[in-house]
Protein chains: 2
Amino acid sequence: MNIGEAAGRSGLPAKTIRYYEDIGLIKPLRDANGYRAFRESEVQKLAFLGRARALGFTIEDCRSLLQLWEKSDRESADVKRIAEEHLTTIEEKIAELTTMHASLTRLVAACAGDDRPDCPILLDLAAEEARPEPVTDDVR
Amino acid sequence: MNIGEAAGRSGLPAKTIRYYEDIGLIKPLRDANGYRAFRESEVQKLAFLGRARALGFTIEDCRSLLQLWEKSDRESADVKRIAEEHLTTIEEKIAELTTMHASLTRLVAACAGDDRPDCPILLDLAAEEARPEPVTDDVR
DNA sequence: ATCGGGGTTCCAGCCGCTGGAAGGTCAAGG
DNA sequence: CCTTGACCTTCCAGCGGCTGGAACCCCGAT
């Protein structure tokens with residue numbers, strides 16, 4: 001099986017597959033003509049990698065997960081630990097984005113968005129007494 | 001004012017300030033000895049950039065925002081549009097992360113995390129009938 | 001013989017810094 | 001006057017995870 005078919009079956013672009021070989025995630029054989037020769041097991045690995053990446057695991061996490069997957073005497077605790085750490089990372093990112101989102105939403109709401117130059121968003125970024133107003137209860 | 005003080009006042013690392021000059025966000029003067037000479041206005045710009053970056057704006061967005069900030073005949077609509085588009089980007093990222101979070105949380109919960117090899121996380125990544133069980137109502 | 005659609009390698013670029021090497025400048029202290 | 005040490009300078013490389021492109025090879029069909 002050539003790289004094109006492996007790409008089609010695994011759902012990964014051929015470029016990505018070559019890259020994964022480059023960094024040692026997979027080691028396909030070679031045909032006499034130099035073409036990569038993928039076995040079923042490699043396509044499985046590629047699909048595994050695609051799903052792990054879709055869950056946001058780093059390449060290094062993927063490498064570890066792949067090794068654990070291959071190793072029949074693994075301990076599920078090792079897998080779980082990786083997943084839990086990744087979960088924490090995701091939570092941190094979500095928290096950061098949520099904070100940004102809250103600030104931006106407030107600023108966007110306060111901005112008239114018309115042809116006049118006055119803009120609470122720029123005032124906030126300039127930190128010149130940015131807070132729009134002390135607000136009243138009806139806001140929330 | 002040298003770069004060290006500008007860094008201290010703006011809250012940005014000196015390295016980042018040099019980089020910002022490199023890509024044309026600021027244009028500090030130079031002393032006779034070749035040292036960058038920062039004016040107050042440049043420190044203000046740097047702080048502005050720091051806050052914009054903290055809100056997750058891209059460098060190109062920052063460039064646009066900075067230009068609008070400088071331009072007294074701006075229209076707040078231009079600022080607002082940039083902010084709204086960025087808000088959409090943030091929302092997409094949050095959505096993506098939230099999806100990952102949900103999947104991972106389910107998988108982590110299903111994994112025993114002990115010394116045995118059986119692991120629903122790996123099963124899911126391998127896509128071999130991953131769903132743990134049809135579950136009953138008490139789960140949620 | 002030629003053409004199109006595969007495949008190959010290698011290098012560069014994306015984003016936004018960050019680290020490090022190799023060197024210049026300056027004020028203070030011996 | 002010399003040294004020390006803290007600052008400053010430029011330039012190059014690397015992070016993650018690909019992605020695009022150039023320049024080339026291979027293979028089957030016409």
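Heavy atoms only: backbone and side chains are in, while hydrogens, waters and symmetry mates are out. Chain letters run A, B, ... following the sequence lines, proteins first and then strands; every chain starts at 1.
To the nearest angstrom, P of C/dC17 lies 15 Å from CZ of B/F57. Look at CD1 on A/I3: it is 14 Å from P on D/dC18, rounded to the nearest Å. For B/R36 and D/dC7, the CZ to P distance is 16 Å, given to the nearest whole Å. Atom pair B/I17:CD1 and C/dC17:P shows a separation of 11 Å (rounding to whole Å applied). The CD-C1' distance, from B/E60 to C/dG16, rounds to 11 Å in whole Å. One can place CG of A/D22 at 11 Å from P of C/dC11, the figure rounded to the nearest angstrom. Regarding B/F38, its CZ atom lies at a distance of 14 Å from the C1' atom of D/dC7, rounded to whole Å. One can place CG of B/L29 at 13 Å from P of D/dT9, the figure rounded to the nearest angstrom.
Heavy-atom neighbours of A/R39 CZ from other residues, nucleotides or ligands within 6.0 Å: above the threshold of 12.
Side-chain contact between A/T89 and A/T58 is absent, with no heavy atoms from C-beta onward closer than 4.5 Å. By the 4.5 Å heavy-atom criterion applied to side chains, B/E40 and B/R9 are counted as neighbours. Using a 4.5 Å cut-off on side-chain heavy atoms (C-beta onward), B/I59 and B/Y20 make contact.
Not one side-chain nitrogen or oxygen of B/R18 sits closer than 4.0 Å to the OP1 or OP2 atom of C/dT18. Side-chain nitrogen and oxygen atoms of A/R30 include at least one within less than 4.0 Å of the OP1 or OP2 phosphate oxygen of C/dT9.
A salt bridge links A/D114 with A/R116: the distance from a Lys NZ or Arg NE/NH1/NH2 to an Asp or Glu carboxylate oxygen falls below 4.0 Å. Salt-bridge formation is detected for the pair A/E60/A/R63: a Lys NZ or Arg NE/NH1/NH2 atom is positioned less than 4.0 Å from an Asp or Glu carboxylate oxygen.
Using a 30° and 60° split on the angle between ring planes, A/F57 and A/H86 fall in the tilted class, from 30° to 60°.
Picking from D/dC18, C/dC17, D/dG17 the nucleotide with the shortest atom distance to the side chain of A/T16 gives D/dC18.
If you find the closest nucleotide of DNA chain C to A/N33 and to B/Y35, the one lying nearer the 5' end belongs to A/N33. Nearer to the 5' terminus of DNA chain C, by closest-nucleotide assignment, is the contact made by A/G4 (compared with the other of B/Y19 and A/G4).
Overall bending of the helix from C/dA1-D/dT30 to C/dG30-D/dC1, expressed as the angle between end axes built from five pairs apiece, is 40° (10° steps).
In terms of polar N and O atoms assigned as donor or acceptor, the side chain of B/K15 never comes within less than 3.5 Å of the base of C/dG16 in a complementary pairing.
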